[in-house]
Each structure stands twice: as C-alpha cells, then as structure tokens.
Chemist: 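Have a look at this one.
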2 protein chains.
Amino acid sequence: MTARTPDSARDIPEATVARLPVYLRALTGLAEGGTTTCSSEELAASAGVNSAKLRKDLSYLGSYGTRGVGYDVEYLRYQIAREIGVTQDWPVVIVGIGNLGHALANYSGFRSRGFRVVALLDADPDRHTDVVAGLEVRSFEDLETIVAEHDVSIGVIATPAVAAQSVADRMVASGITSILNFAPTVLSAPEGVDVRKVDLSIELQILAYHEQRKAGAIETEVLS
Amino acid sequence: MTARTPDSARDIPEATVARLPVYLRALTGLAEGGTTTCSSEELAASAGVNSAKLRKDLSYLGSYGTRGVGYDVEYLRYQIAREIGVTQDWPVVIVGIGNLGHALANYSGFRSRGFRVVALLDADPDRHTDVVAGLEVRSFEDLETIVAEHDVSIGVIATPAVAAQSVADRMVASGITSILNFAPTVLSAPEGVDVRKVDLSIELQILAYHEQRKAGAIETEVLS
DNA sequence: TAGATTGTTAATCGATTAACAATC
DNA sequence: TAGATTGTTAATCGATTAACAATC
C-alpha cells in the first residue's frame with residue numbers, strides 16, 4: 001500500500017502533457033548520444049526548459065529518478081512513452097493530399113513515434129491514381145470502411161478551409177475521436193472529440209508582432 | 001489627454017498575442033460573409049473562445065467597440081492587423097526545400113497575411129535547378145546576400161533536425177531576428193532573437209495521450 | 001559520512017472567468 | 001428612456017519557480 005497508485009496517472013495538467021513529448025524527444029537524443037544517466041539539470045537543458053519545471057512535471061507521473069544520482073535515460077524514456085501512449089501503435093488517416101498532406105504523409109517523425117498512416121484520402125478523383133509515401137491516394141468515400149477496418153481513432157485534416165468542417169463531421173460520424181486540423185479554420189466537434197489545430201500562419205504572425213516591437217524599440221532609440 | 005496613449009500597446013500578455021491572429025481570421029471570415037457589425041458574443045463564437053476572454057483581450061489594444069452596439073468588423077480587423085504588424089509586408093526566407101519546405105512555399109495563407117516569401121534556399125545542389133511556387137531554389141550560401149538585399153528579419157527552417165542549429169546560427173549571423181522552426185529539435189539563439197517551434201508529431205502525441213485515456217475509461221466501464 | 005540531486009512545498013505570477021457598472 | 005453590449009473589476013484558477021527537506 002504505497003502512496004503511488006499505478007493509475008494515479010489521472011489528472012496531469014495540460015501544460016505538462018504538452019511538454020512530455022518534448023522530454024521524450026530529448027531523452028531519445030541523449031540515448032542516441034550514448035548517455036545512460038542524466039540529472040534533471042541536463043535533461044532540462046536539452047529540452048529547453050528549467051529544471052524545476054521538469055522535476056515538477058515528472059512528479060505527476062511518479063518517482064522515476066534516484067536522489068543524488070538522476071534518471072536512467074532508457075527507463076524514463078519508456079515511462080514517458082507509456083504515459084503518453086506511444087508504446088502502442090496508432091493508426092492514422094490523412095484527408096486532403098495537397099502539398100501539406102503530401103508532406104505529412106512523408107513525414108518520418110510520425111512513424112518513428114508510434115503513428116502509422118494507414119490511408120490517404122482526397123475528394124479529388126484526379127488524385128486517386130497517385131501513390132504518395134508508398135500509399136495509394138483513395139476516395140474520401142472510403143473513410144468509413146478504412147476507419148472500421150483499421151480501428152482508426154485519429155484523423156488528420158489537411159484540406160482547404162472550406163472543406164474542413166464537413167470532413168471533420170464525417171470523421172466523427174465514422175468513429176474518429178481525435179482530430180488534428182491543419183486547415184485554417186475553427187472546427188466544432190461534439191463533446192468527447194478532441195480537436196487540436198496547427199496553424200502555420202498564426203505562428204508567423206506571433207513572430208511578426210514581436211518583430212514589430214523590436215523595430216519600434218530601435219526607432220525610439222534613434223529618435224531619442 | 002486621454003487615458004489611452006497610442007503606444008500603450010506596450011505589454012500585451014503572451015496568451016492574448018497568440019489569440020490576436022485567430023480574431024483576425026474570424027473577422028476576415030465575417031467580413032467576407034458580408035457582416036459589418038458584430039457583438040463580442042458573435043465574434044467569440046467564430047473564433048472559438050468565450051466572450052469574456054475576447055473582450056478582455058481586446059481591451060489591451062484599446063476601446064474599439066461601441067457599448068450597446070458591438071464592433072465594426074472592418075475597423076476592428078484593421079486595428080488588430082496593425083497591432084500584430086501585418087498591415088506591412090514581411091519578407092521571409094525558407095531554408096530546406098524538402099516536402100515540408102515545398103508545402104510552406106506554396107502555402108497561400110502566408111502571402112494573404114502579409115508575408116512574402118522572397119527566397120527558397122537548400123544546401124543540396126541537386127535542388128538548385130528546381131522552381132517551387134514560382135521561385136528558383138537557391139544555394140544556402142546566398143543567405144547573407146538575400147537577407148541584406150530584402151531586409152529579411154524572419155526565417156523559416158524546414159531542414160532535417162541535424163542541420164537546423166547551424167542554419168539558425170547562420171540566420172542569426174546574417175541579421176535575422178525571428179525564426180520559425182519546423183525541424184524537430186530545440187534551437188538555441190542569442191538574446192533578442194525570437195524562436196518559435198511548430199512540431200507536427202508533438203500535436204499528434206498530445207492527442208494520443210487523451211485518446212489513450214478515453215480508451216482507458218471505456219475499459220473501466222466495461223470491466224465494472 | 002559527505003556530496004549530490006530528487007521530489008515536494010509554498011510563494012508568486014499570469015490567465016481565465018463571471019459579474020456588472022458604464023454608456024451607447 | 002429602455003435595452004443592449006462594452007470595458008473593467010475582482011475572484012478564481014492553473015502554471016511557474018525557488019527553495020529545501022528527503023534520501024540516494
């Protein structure tokens with residue numbers, strides 16, 4: 001009867017969840033470099049966070065370190081991977097095989113992190129002859145069949161903005177419960193369906209905002 | 001002598017800055033749909049946030065609404081665009097013209113939001129004959145010349161992870177002060193240089209984490 | 001034992017939200 | 001004036017951070 005119950009994995013703060021993949025990547029890097037043990041200070045440095053935050057984050061998962069020593073790289077890596085759920089294989093479908101869908105289909109970082117692209121779908125029949133990343137581009141009409149066949153729960157949307165909501169609705173209807181949206185539009189989805197958005201131009205706009213303020217500061221200096 | 005000084009644009013919270021581009025997009029959508037006036041409630045709905053947060057965010061910029069009436073869509077759109085800095089044109093270079101660089105170069109959302117891709121660079125000479133999105137792919141060696149010529153302050157990195165840090169260093173040396181990094185690695189940059197990261201697989205891992213917990217919840221239900 | 005480093009506490013900081021006075 | 005909706009206040013919530021007791 002210890003204080004640490006196996007499934008106390010319950011409420012990990014969102015901010016921590018978002019950093020776990022970063023720690024995972026850092027640990028993989030350390031392991032590849034031959035490091036077998038590391039301190040919170042070292043791991044924090046390779047993940048680009050401060051060590052207090054790292055230790056606090058890890059404390060939500062359990063006590064996987066050794067005081068006075070640090071963390072076993074391989075052991076911690078496995079524990080985090082298990083916590084995120086990437087020790088298992090996640091089948092994924094990508095809808096919208098334009099430039100971005102093409103890039104996503106070929107992105108090796110998915111496969112190496114537990115995601116397996118099982119199908120590429122596009123509404124445009126002209127694309128159905130294409131083979132991208134070793135997969136034939138199929139009709140969007142095949143969505144339900146594919147989701148059922150491969151037990152897909154994660155869908156990626158890389159269509160134009162106008163099509164995104166109807167694709168999302170159809171994904172939800174077919175049984176998908178997590179959506180990664182690259183289309184520049186806000187999607188609505190029922191309770192229980194997670195939607196995350198990656199917006200390329202928003203990141204650039206945030207940089208522009210700060211850049212503008214830098215320029216402003218210089219102007220002020222020059223004028224004063 | 002009002003309470004609102006034009007340059008009190010000073011300290012806008014980071015969380016607010018990150019949402020301004022979302023509001024901008026929502027306003028553009030409303031304008032295209034023919035809406036000329038909207039309430040905070042309506043705008044919040046199309047941006048996918050709650051209205052209290054929206055009003056609080058807008059209050060950092062100034063008082064651009066009318067009590068009892070709402071906001072003039074076009075006026076507010078302009079004010080936000082000005083605040084972000086996208087009323088001016090930002091020249092951008094993209095380094096690394098693989099699948100992702102290709103997609104980024106062709107992404108129309110950049111151009112339409114005040115970003116102009118002035119050059120595509122790649123270290124691989126085999127790619128230097130390619131024309132992508134109407135631009136010739138040039139040698140990475142041309143970076144300094146291009147940055148100076150077009151007064152580029154924003155760089156986009158879409159290279160493999162191993163090359164990213166050296167590309168970033170070279171960008172900084174050439175005068176670039178904002179970097180958007182798509183390579184799956186943590187970049188270090190000197191004080192005064194902003195780095196933002198977009199990591200495709202991290203978003204998918206966050207979804208997997210939540211998906212796994214849904215599955216766990218179902219299992220628990222079945223077992224009980 | 002002495003030195004090192006974790007895991008946790010508590011203080012601080014920033015973000016969200018509801019409620020409502022101000023005001024069109 | 002009455003109704004509507006903003007802009008702001010204040011309370012709450014969650015995230016970050018420094019500091020340090022626990023412990024290898």
Side-chain angles (χ1 to χ4, degrees), chain A residues 2-5 8-20 22-23 26-27 30 35-73 75-77 79-80 83 206 209-210, chain B residues 2-5 8-20 22-23 26-27 30 35-73 75-77 79-80 83 206 209-210:
Chain A
T2 65
R4 183 193 327 134
T5 58
S8 76
R10 285 297 113 99
D11 45 350
I12 297 182
E14 249 335 281
T16 296
V17 171
R19 282 188 294 266
L20 292 180
V22 180
Y23 301 153
L27 285 163
L30 288 173
T35 307
T36 56
T37 298
C38 69
S39 67
S40 62
E41 202 66 60
E42 292 171 276
L43 179 53
S46 24
V49 302
N50 90 34
S51 66
K53 189 188 281 181
L54 170 74
R55 289 198 301 277
K56 181 82 175 154
D57 283 341
L58 294 184
S59 76
Y60 292 111
L61 312 194
S63 294
Y64 296 133
T66 309
R67 292 169 199 237
V69 176
Y71 301 92
D72 181 282
V73 170
Y75 179 64
L76 184 59
R77 202 195 61 72
Q79 293 300 337
I80 293 177
E83 189 68 43
I206 296 170
Y209 171 81
H210 292 293
Chain B
T2 65
R4 182 190 329 133
T5 58
S8 76
R10 281 300 113 100
D11 44 353
I12 297 181
E14 248 335 281
T16 297
V17 170
R19 282 188 294 265
L20 291 180
V22 180
Y23 301 153
L27 285 163
L30 288 173
T35 308
T36 56
T37 298
C38 69
S39 67
S40 62
E41 203 66 59
E42 293 171 275
L43 179 52
S46 27
V49 301
N50 89 35
S51 66
K53 189 189 280 182
L54 170 75
R55 289 198 303 277
K56 180 80 176 159
D57 283 341
L58 294 184
S59 76
Y60 292 111
L61 314 192
S63 294
Y64 297 133
T66 308
R67 291 170 199 236
V69 177
Y71 302 91
D72 181 281
V73 169
Y75 180 64
L76 184 58
R77 204 196 59 73
Q79 293 301 338
I80 293 178
E83 189 68 44
I206 296 170
Y209 170 81
H210 292 293

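Quick note on labels: first sequence line is chain A, next is B, and so on, each numbered from 1.
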Chemist: Are the side chains of B/Val73 and B/Leu27 in touch, meaning some heavy atoms are under 4.5 Å apart?
Modeler: yes
Chemist: Earliest and latest nucleotide of DNA chain D, 5' to 3', sitting under 4.0 Å from a non-hydrogen atom of chain B?
Modeler: D/dA4 to D/dT9
Chemist: State, with a plain yes or no, whether a side-chain heavy atom of B/Tyr71 is found less than 4.5 Å away from one of B/Leu58.
Modeler: yes
Chemist: Using side-chain heavy atoms (C-beta onward) and a distance below 4.5 Å, is B/Glu42 in contact with B/Leu30?
Modeler: no
Chemist: Taking all heavy atoms of A/Leu43 and all of A/Ala26, pick out the closest pair and write down the distance.
Modeler: CD1-CB, 3.8 Å
Chemist: What I'd like to find out is whether the side chain of B/Ser59 reaches to under 4.5 Å of the side chain of B/Arg55, using heavy atoms alone.
Modeler: no
Chemist: Between A/Thr66 and B/Tyr71, which residue's closest nucleotide on DNA chain D lies nearer the 5′ terminus?
Modeler: B/Tyr71
Chemist: I'd like to know whether B/Ile80 forms a side chain to side chain contact (heavy atoms under 4.5 Å, CB included) with B/Tyr64, so could you lay out the CA-CA distance, the side-chain angles of the two residues, the decisive distance to 0.1 Å, and finally the verdict.
Modeler: CA-CA 10 Å; B/Ile80 293 178; B/Tyr64 297 133; over 6 Å; no
Chemist: Checking all strands, does B/Ala15 fall into the base, sugar-phosphate, or nothing category for heavy-atom contacts under 4.0 angstrom?
Modeler: sugar-phosphate
Chemist: Want to settle it: does A/Val69 or A/Asp57 sit nearer the 5' end of DNA chain C, counting the closest nucleotide to each?
Modeler: A/Val69
Chemist: Quick one: are A/Val49 and A/Val22 in side-chain contact, heavy atoms under 4.5 Å?
Modeler: no
Chemist: Find which nucleotide of DNA chain D each of A/Lys53 and B/Ser59 is nearest to by heavy atoms, and output the residue with the more 5' nucleotide.
Modeler: B/Ser59
Chemist: Taking side chain as C-beta onward, heavy atoms only, is B/Leu61 less than 4.5 Å from B/Leu20?
Modeler: yes
Chemist: So that I can compare with my own list, what are the stems of DNA chain C, taken as at least three consecutive Watson-Crick or G-U pairs with distances under 3.5 Å?
Modeler: C:3-24 with D:3-24
Chemist: Using a 4.0 Å heavy-atom cut-off, does B/Glu41 contact any base of the nucleic acid, only the sugar-phosphate backbone, or nothing at all?
Modeler: nothing
